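A short worksheet on the structure shown next.
Not measured: the values here are computed from a predicted model. Proteins get letters first, then strands, A, B, ... in listed order; numbering begins at 1 in each.
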Amino acid sequence: MNNPVRVRFAPSPTGHLHIGNVRTAILNWLFARHSGGAFILRIEDTDVERSTKASEESILEDLRWLTLDWDEGPEKGGAFGPYRQSERLALYQQYAQQLIASRKAYYCFCTESELEAARDNAMAQGGGQVHYSGKCRSLTPAQQAEARAKGIAPAIRFHVPEQAVSFADLVKGELTFPENTFGDFVIIRSGGLPTYNFAAVVDDHLMKISHVIRGDDHVSNTPKQKLLYEAFGWEVPVFCHIPMILGEDRSRLSKRHGATSLDQFAEKGYLPEAIINFLSLLSWSSESGEEILPIARLIQEFSFARINNSAAVFDTTKLNWMNGVYIRKLDPEQLVHRTAPFLRHAGYTLPDSGALKALLVLLQESVEYLEQFVEKTAFFFAERIHLTDGAAIAMSQSEASEKVYWSFLRQLENIEDFTPEVFREIMKTVNKETGVMGKELWMPIRIALTGAMHGPDLPKLAALLGKERVHKMILHIVE
RNA sequence: GGCGCAUUCGUCUAGUGGACCAGGACGCUGGCCUCUCACGUCGGUGACACGGGUUCGAAUCCCGUAUGCGCCA
């Protein structure tokens, strides 16, 4: 009974990966890596209308960006392929036929309008639940032939046995559904395509999935699936339903809550390791209570027992904080490597790597996501500084400032190496020469160099700009 | 409408009958650092949905109500 751990992530290719799906993928992946099992990617593309090849590719891209690697999947292959449901259609037919042969499923010729009428009727009777009547359960071959002759394409329905269904969920505990919770459900639609519940069961069995880890919006699908496993005589996997991620208004996370797809976060410059860490912490917590957990530790500490069972609101503010923590942890090479694309995208011409490194390191602590570097480095890439802030303009034009500027320029002429330490020395001398101190002393210089009244450490900033440029900028502002 | 799941500070959470007048993190807020912002650091704010039980004792167990979410119809 000790099956090897095999888990799967099974998205529908109908767009970019959504935050909720990403979290499901992460948990599956963490469990697989934690237990030395396999992480399988399966594309559920039976909804022909909405599935696109481009979406499938973007999903693979998203997963790669996140650094979640899979052991089997489309493109990659594996022993249990194919890994696209659209390429497994014959399999679903074959297994549906098997259920028909054992009289556990049957053809249903009811049309949509007939079903609707029956439903309305049952509603009018005041009954609580409205299930399929079972009308086609015992059609004779002759009746079936007659219906086919009329051109009606049948669906295949599962004959639901009258029994309560229960299963032990790894997160929710023992769940029981009374008998008659649902009626005979469709497993193959009249068009020949399988329904979600049927395809998932057939695939999970054939792919030897040991643990089904998915969002708890699937809880009510599970009894249906369990019945299918039993009808086939297959071993039932372990189910684990994880709580949903909600928007700020506690409704299901959707587009109107702002950024919800992974690529949007990538574009703003969130780091994959921060996203993984943050999402892991929704509905899960580490035993130690620590929150900044690099991937290796998440893998090590993952445990179903520590998943709680209530939905969590996605809080961008906290994500921003955590992303900032990860940005601050980046070494200079990584910082440049990851940020350069954003700067290039903004149209900046990048300086040599030493200068770029110094520039980014200078701003590193003040950034929450990489895209913010574009604005924060604008002063460095601009031809000239344009003052827009009224207070800054006023300050730069004060009498004290004039004195500071001229004194500073004089000092500048005497020095060779323009380092942060030298800059500090100059400021001291300017102070002595002019008697101006504190804010009145520093602010004018800051404004001349950056155009703003706040920003990074001035000595380092000045050294980075270099003597020539500093000279030019101060000259420009006094004239 | 039926069935299911959930409910601890604004948000993420710890908590599995006594160690909890409920701990941590983000946020907010006050101080320190400081030319400024940020970082860092020290402090503050702030919650067991409600009502009944069970028990010597309940955030923790049971029942009901409310609210939210999900699935099906």
Cut-off 3.5 Å, no hydrogens considered: what does the side-chain donor-acceptor table look like for residues 267-274 of chain A, sequence neighbours left out?
unit_1, atom_1, unit_2, atom_2, d
A/Y270, OH, A/N320, OD1, 2.4
A/E273, OE1, A/R338, NH1, 3.2
A/E273, OE2, A/R338, NH1, 3.3
A/E273, OE2, A/R338, NH2, 2.9

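- In this structure, A/R157 is not positioned above the aromatic face of A/F185 in the sense of NZ or CZ being under 6.0 Å from the six-membered ring centre and within 45° of the axis.
- Rounded to whole Å, the distance from CE on A/M244 to C1' on B/G4 is 14 Å.
- The interatomic distance linking A/I292 (CD1) with B/G40 (P) rounds to 10 Å, in whole Å.
- Residue A/R250 places no side-chain N or O under 4.0 Å from the OP1 or OP2 atom of B/G10.
- Atoms CG (A/D457) and P (B/C37) sit 14 Å apart, rounded to a whole Å.
- Rounded to whole Å, the distance from CZ on A/R328 to C1' on B/G40 is 10 Å.
- Nearest-nucleotide assignment on RNA chain B puts the 5′-proximal partner with A/I307, out of A/I307 and A/L458.
- Across the protein-nucleic acid pair, A/L363 atom CG and B/C37 atom P stand 16 Å apart, rounded to whole Å.
- Counting any heavy atom pair closer than 4.0 Å across all strands shown, A/G455 reaches a base atom.
- Residues A/F302 and A/F304 bring their aromatic ring centres within 6.0 Å.
- Within residues 156-172 of chain A, the residues approaching RNA chain B are A/K172, by heavy-atom distance under 4.0 Å.
- Both the sub-6.0 Å distance and the 45° axial angle are satisfied by A/K224 relative to the ring of A/F182.
- Following rounding to the nearest Å, A/Y132 (OH) and B/C72 (C1') show an atom-to-atom distance of 17 Å.
- At a threshold of 4.0 angstrom between heavy atoms, the contacts of A/P459 include nucleobase atoms, whether or not backbone atoms are also involved.
- A sub-4.0 Å separation between OP1 or OP2 of B/G2 and a side-chain N or O of A/N180 is absent.
- Here the shortest heavy-atom pairing between A/S51 and A/E44 reads OG-O, 4.4 Å.
- Remark on RNA chain B: of its neighbouring residues A/L319 and A/E440, the 5'-side contact belongs to A/L319, judged by nearest-heavy-atom nucleotide.
- Ring centers of A/F265 and A/H16: at least 6.0 Å apart, outside the cut-off.
- In this structure, CG of A/D315 is placed 11 Å from C1' of B/A25, rounded to the nearest angstrom.
- Atom CD of A/E365 is separated from atom C1' of B/G40 by 9 Å (rounded to the nearest Å).
- Both distances falling under 3.5 Å, in either a Watson-Crick or a G-U wobble arrangement, occur for no nucleotide opposite B/U54.
- Between A/W321 and B/C26, no base-stacking contact is recorded for ring centres under 5.5 Å apart and planes less than 30° from parallel.
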